[in-house]
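Here's the structure we're looking at; comments come further down.
These values consider heavy atoms only, across backbone and side chains, with no hydrogens, waters or symmetry-generated copies. In this chain, numbering begins with 1 at the start of the sequence shown. Read the numbers this way: they start at 1 and go in the same order the structure lists the ligands and their atoms.
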Amino acid sequence: MAIEFNEKTKEFHLYNNDLSYIIKILSNNQLGNLYYGNRIHHKESFSYLLEGGWRSLAAYVFEGDTNFSLQYTKQEYPSYGATDFRYPAFEIKQSNGSKITNFEYVDHNIFNGKKKLSGLPATYVENEKEAQTLEIILYDCVIKTKLVLSYTIYEEFPVITRNAKFIYEGNEEITLTKAMSCSVDLPDYDYEMVHLAGAWSRERHIKIRKLEQGVQSIYSLRGASSAEHNPFIALKRPNTTEFEGEVYGFSFVYSGNFLGEVLVDTHNTSRVMMGIHPNMFEWILHRNETFQTPEVVMAYSNKGLNGMSQAYHKLYRTRLARGYWRDRIRPILMNNWEATSFDFNESKILKIAKTAKEIGIELFVLDDGWFGKRDDDKAGLGDWYANTKKLPDGIVGLSKKIEDMGMKFGLWFEPEMVNKDSDLYRAHPDWIIHTPNRKTSHCRNQYVLDFSRKEVVDYIYKAMSKILREASISYVKWDMNRYMTECYSVAKNAESQGRVMHEYILGVYDLYEKLTTEFPYILFESCASGGARFDPGILYYAPQGWTSDDTDAVERMKIQYGTSYVYPISCMGAHVSEVPNQQVFRTTPIETRANVAYFGAFGYELDLNTLSDEEKESVRKQVKFIKDKRELIQKGTFYRLLNPFEDNVAAWMVVSEDKSEAIVGYYKILNVVNDGFKRLKLEGLEKDKAYYINEERKEKFFGDELMYAGIPVKPELLCGNGGDFTSVIYYLKEA
Ligand code: DGJ
């Protein structure tokens with residue numbers, strides 16, 4: 001890994017074993033991009049890659065330099081209106097009303113390691129030698145504004161992280177109306193754009209479309225990264241598969257409004273930008289004030305989509321997630337939500353917990369309904385003290401009883417929300433996000449607390465930390481069940497309203513930071529009506545998240561398969577729930593429900609007392625199995641093998657780092673009469689190693705056989721009665 005600067009040719013070359021990224025200071029002192037892609041040799045100059053040139057009637061050239069134009073130039077962080085007509089990476093409104101800028105190179109720093117982003121989540125290093133950072137300092141002398149573009153390249157990961165920072169040094173003010181985190185101009189558009197779209201209960205479905213001239217984009221304006229679009233785009237070559245070919249990933253480490261877009265111009269350049277959505281954003285800077293954008297993680301792979309995903313998985317698992325739980329084996333949990341909803345009392349909970357304990361479950365999680373007057377979704381949010389009608393000894397008493405049984409105890413909160421029927425709302429009706437003189441829309445009878453206000457965040461911190469200090473709590477499920485509407489903060493003046501949505505997210509991060517600092521041993525799981533805020537920003541604070549409210553095994557194949565494009569399986573909460581499934585009313589075998597949920601942070605979400613003895617026996621076996629295999633699943637390398645979006649089957653596997661073990665999940669969705677034969681080709685094994693499959697220790701199979709010839713899937717090994725929704729798990733161990 002290195003970052004080279006050539007004084008003579010004014011080129012920066014960032015490279016590691018996998019990728020090269022080349023920036024040039026152009027003749028007008030702005031920044032151009034010469035190359036981003038597979039690693040190439042370093043040399044003095046790559047200036048031949050600078051394309052542009054004079055084109056008779058169609059050339060808009062710089063005054064005083066008729067050879068120079070930004071119109072066709074590939075740039076690093078482009079502005080609009082000075083010969084470039086494409087969408088810009090930023091926009092600054094100045095006191096005279098102009099939006100034209102000119103940021104020119106002044107200086108740069110190259111150093112080992114990576115700086116923290118104040119108040120924002122970001123990838124990090126544990127040792128300065130793991131990465132190098134380039135900061136390029138640009139200046140617009142008319143508006144006295146500094147712009148610092150940061151690039152970090154890791155030694156071990158095929159990624160570059162980027163962010164931008166604006167510092168205003170003038171005596172008036174400037175207004176940032178757009179500040180993306182990255183912009184990359186690629187020299188052609190022979191790509192397909194891959195992204196993860198969905199809705200509540202069908203999050204992160206894979207969408208692929210060919211790039212065309214014009215703009216294609218994904219976004220959120222909901223105040224959360226959203227279930228509708230995940231903050232991620234990949235550009236892959238049309239022939240790129242899961243295992244081969246080029247792909248560029250762009251993943252945004254942020255949990256609020258975002259825009260990810262690819263603009264293809266009519267000269268075939270693809271401009272990829274990602275950052276905070278400019279709508280609803282306006283940020284005024286006075287003298288010496290700064291604005292820091294969140295980080296984008298750009299991954300480059302020439303080993304197909306699995307190669308890209310594996311880079312994100314390892315980076316996010318080991319250098320984005322933090323704290324005590326980052327590398328620790330996650331407990332098997334029992335959550336009562338699908339078992340009881342709001343309808344429980346202490347004895348009902350203890351009954352479910354007792355059976356869970358007998359079966360070997362390690363953590364009991366009490367979900368929504370334990371606080372205030374919360375008997376349904378109409379009341380109680382905001383009142384973070386136990387409902388003693390349901391729980392006579394409060395959370396202190398219940399948590400102790402659960403711990404005395406030999407299990408850990410976890411608790412649900414929805415810190416950012418309030419019902420109007422709550423003591424908190426009655427005391428502070430102005431604490432909700434709402435626009436004066438307008439109706440305030442709601443969802444699930446709840447309103448959004450104005451987390452852009454420090455006093456609101458501090459109040460919730462006090463309420464939550466009190467209970468976390470008093471009771472024996474080892475896990476917190478932090479839920480968030482509605483998006484923002486009529487966004488306005490009555491605590492801010494007119495000119496600060498454009499800050500609300502970003503400051504809200506900074507408030508969420510602040511509360512997470514306070515709680516995770518004070519309670520480092522508590523495992524935080526994020527949730528947002530399932531997976532509506534499942535993004536890298538939240539992963540920095542909560543090492544696992546509830547992937548979706550849809551717990552049906554078949555639906556989960558798609559949701560978990562799509563989610564794995566970016567997110568490590570160790571962070572995907574995955575539970576076995578009851579049948580018929582509460583979301584899609586489908587009945588699947590209990591084995592298949594577990595065979596899907598194993599590839600995640602495993603747990604149960606049903607009342608085990610309602611199961612037959614036979615089913616309970618299956619659950620016992622599952623718990624034993626996952627206890628044995630969870631280290632491998634949590635820390636191994638994940639491969640997607642067969643895509644449920646394309647076929648009636650799905651398969652994936654995890655291989656241990658030393659390739660001595662692997663676990664494979666194969667799923668057949670609908671039964672097919674008189675079906676053909678299926679060979680499952682594995683991936684990631686050591687060609688020359690011999691493996692045993694399952695408990696059968698008679699025959700050995702070499703890695704190459706398993707990868708190139710494959711395992712014939714024997715129908716008799718599939719669980720259930722040979723009907724629909726069957727599956728099998730193979731466990732491979734070096735012989
Ligand atoms: C939505 C979550 O996704 C569910 O798991 C559950 O916690 C409910 N909220 C509770 O209201």
Ligand 1 versus [X], non-hydrogen atoms closer than 4.0 Å: side chain, backbone, both, neither?
X: D377; value: neither
X: S529; value: backbone
X: M417; value: neither
X: N335; value: neither
X: K477; value: side chain

Between [Y] and [X], is there a side-chain heavy-atom distance shorter than 4.5 Å?
X: N230; Y: H195; answer: no
X: L196; Y: H205; answer: no
X: V654; Y: F599; answer: yes

Any nitrogen or oxygen of W337, main chain or side chain, under 3.5 Å from a nitrogen or oxygen of ligand 1? no

Any idea which atoms of ligand 1 are less than 4.0 Å away from a heavy-atom of G530?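 By the 4.0 Å cutoff, the relevant atoms are 3 (O).
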
Which ligand 1 atoms are under 4.0 Å away from a heavy-atom of C527?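 Those atoms are 2 (C), 3 (O).
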
Partner of Q583 by side chain to side chain donor-acceptor pair (under 3.5 Å), out of T551, D552, D549: T551

With N419 as reference, evaluate R374, K373, K378, Q446 under the side chain to side chain donor-acceptor pair (under 3.5 Å) test and give the passing residue.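 The residue from R374, K373, K378, Q446 that satisfies side chain to side chain donor-acceptor pair (under 3.5 Å) with N419 turns out to be R374.
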
Lys NZ or Arg CZ of R556 over W652 ring: under 6.0 Å, within 45°: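 Not satisfied by the 6.0 Å and 45° rule.
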
Geometric cation-pi criterion K629 and Y598, 6.0 Å radius, 45° cone: no

Looking at ligand 1, does E338 have a heavy atom less than 4.0 Å from it? no

